[in-house]
Amino acid sequence: MVLEEARRKLAAIGQEHVLQYYDELDDRGRKNLLRQIEELDPGLLELVGNGVKENERGALAPLGAVTLEEIEEQRGRFEKKGIEAIRECKVGAVLLAGGQGTRFGLDSPKGMLNVGVKKELYLFEQLIHNIMEVVNSTGAWVPLLVMTSEKNNGDTVSFFKKNNYFGYKEEYVFFFVQKMAPSVSYEGKLYMEDKDKLASSPNGNGGWFNSLVDAGLMEPLRKLGVEWLNVFAVDNVLQRIADPIFVGAVLESGCVCGAKVVAKADPNEKVGVLCLEDGKPSIVEYYEMTDEMIHERDENGKLLYNYGVILNYLFKVENLIKIMDENLPTHVVEKKIPYMNENGEYVKPQEPNGYKFESLVLDMIHMMDNCLSFEVDREKEFAPIKNVTGVDSLESARKLMEKNGIEF
């Protein structure tokens, strides 16, 4: 894109201020800014132009799960089928690790958070320990794809290399960078991070598959024979990855995806719940549920909307390819956005000051024809680290790590 094209594009959407420092930039800075303007999707800005609206939901209905008791009864059969698939390299794992550890005082990737007390034990390291349990029990390496962001890619890659991939086989580890989305003020004006850079952030965990494809990773996955991808979040230190029992259950069910879920600790627990929406699998967020939905029970007194997702999904690659050209809903999220003010000073706001744009993996579930809801024991598989103390915190995760015999 040349300067005149950039001016026309920005003028058409009322964002001419993006070029206000263009004349002060060197050639590299000018090329960098023009590239960002070229990649800018004006459609995103339209989402805030007439006021932010929530995405409309269809008709919601409860969805049960294969329960812990049912899984235990069929454990041997599920496990055998899952081990066979893993040994044939049909299963890959995708670690969503684009976030920063700012809530924990880190100016580095969240996966570099030290969760240890008596010794250093990093989030990345413990997740590798978890997947190594599968490698050791099956005798097969699981391809591991690590999604980073523009902000943390360099730190993440060098951290893995410095630590010799925590014992994982390097040739089975692939890194790729998540796409970014611009950030805007409440008035819909693009924020600048620097004179040659739009303020931007990772475009949400729903962008993982498109980012993986754009990084050219489909070819090595095809060569290895990968047919399924297990997607999981970096912040759950007890995450079971490429779990043969889960894999086997999904394969046997004939479903094109699976979701690990936990029974809600209480009706008002703040978790997204797996359900049906217009007859297809979906996830309803806790803040979208009516009071009736929250408390509704069956004839045995069990909550109808009972199973919360833990961001551990298994997708059939063939079906991911089918939905690639379909547009995921874009969620407009109010956030604190660091920006460069009119005086050219970098500002870190203490309160929300605008919007970011995100696509979410939960919307990918709704694009699938079916999904196996697979219950897991929350005390063995669900220790998310969202805060320093309190609920879903480093403090609570350490208690569960101790209960599970993890040395830290």
Side-chain angles (χ1 to χ4, degrees), residues 6-7 9-22 25 29 32-56 96 98-107 109-110 148-153 177-208 211 235 270 285-288 327-363 386-387:
R7 281 189 173 134
K9 181 174 182 177
L10 293 172
I13 54 177
Q15 304 287 346
E16 295 94 331
H17 66 283
V18 170
L19 286 169
Q20 64 184 312
Y21 296 106
Y22 185 83
L25 303 175
N32 183 44
L33 185 57
L34 291 175
R35 175 186 58 78
Q36 293 170 76
I37 296 169
E38 183 175 15
E39 294 173 354
L40 179 66
D41 178 7
L44 290 177
L45 307 184
E46 294 173 8
L47 296 174
V48 298
N50 299 311
V52 175
K53 300 181 180 70
E54 287 293 327
N55 295 309
E56 289 187 16
L96 304 180
Q100 292 287 95
T102 47
R103 280 193 190 180
F104 304 91
L106 296 179
D107 188 24
K110 190 170 185 179
T148 64
S149 67
E150 281 184 9
K151 295 181 187 297
N152 76 10
N153 182 66
V177 179
Q178 183 178 9
K179 290 182 177 180
M180 304 290 278
S183 302
V184 299
S185 69
Y186 289 127
E187 294 71 40
K189 290 293 183 182
L190 290 163
Y191 275 123
M192 301 293 292
E193 187 174 303
D194 209 334
K195 293 179 180 181
D196 67 343
K197 191 171 186 349
L198 293 172
S200 61
S201 61
N203 67 348
N205 55 34
W208 70 270
S211 297
D235 59 8
K270 294 181 177 181
E285 293 287 7
Y286 66 91
Y287 52 80
E288 297 177 297
N327 289 324
L328 281 172
T330 299
H331 298 263
V332 183
V333 187
E334 189 178 20
K335 293 281 186 177
K336 291 183 282 189
I337 302 161
Y339 68 101
M340 183 182 69
N341 67 17
E342 59 274 10
N343 299 318
E345 301 162 333
Y346 189 67
V347 178
K348 281 191 171 183
Q350 299 301 308
E351 301 293 334
N353 62 326
Y355 301 113
K356 293 182 178 181
F357 303 97
E358 298 178 348
S359 61
L360 301 176
V361 67
L362 58 85
D363 290 312
K386 309 282 187 189
N387 310 293

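Along the sequence shown, residues are numbered consecutively beginning with 1.
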From [X] atom [atom1] to [Y] atom [atom2], the distance as rounded to the nearest 0.5 Å:
X	Y	atom1	atom2	value
His331	Asp363	NE2	CG	3.5 Å
Met340	Glu345	CE	CD	10.5 Å
Lys335	Lys356	NZ	NZ	6.0 Å
Glu150	Lys179	CD	NZ	11.5 Å

At their closest point, which heavy atom of [X] faces which heavy atom of [Y], and how far apart are they?
X	Y	value
Asn203	Ala181	CB-CB, 4.0 Å
Gly354	Ile337	C-CD1, 3.6 Å
Leu44	Pro182	CD1-CD, 3.8 Å
Glu334	Pro352	CG-CB, 3.7 Å

Counterpart residues, ring pair (Phe, Tyr, Trp, His ring centres under 6.0 Å), relative to [X] (two or more places apart):
X	result
Tyr286	none
Phe104	none
Tyr355	Tyr186
Tyr21	none

Side chains of [X] and [Y]: does their closest heavy-atom pair fall under 4.5 Å?
X	Y	value
Leu25	Asn32	no
Leu106	Gln100	no
Val347	Asn353	no
Lys9	Gln15	no

### Query
Does any N or O in the side chain of Gln36 come within less than 3.5 Å of the main-chain N or O of Leu198, such that one atom is a donor and the other an acceptor?
yes
### Sidechain-backbone polar pair: Asn205 side chain, Val361 backbone, donor-acceptor under 3.5 Å
yes
### Query
Is there any salt bridge (charged side-chain N to carboxylate O under 4.0 Å, His left out) pair reaching into residues 189-198, and which pairs are they, with sequence neighbours excluded?
Glu24-Lys195, Lys151-Glu193
#### Entry: salt bridge (Lys or Arg N to Asp or Glu O under 4.0 Å) partners of Glu288, counting only residues at least two apart
Arg57
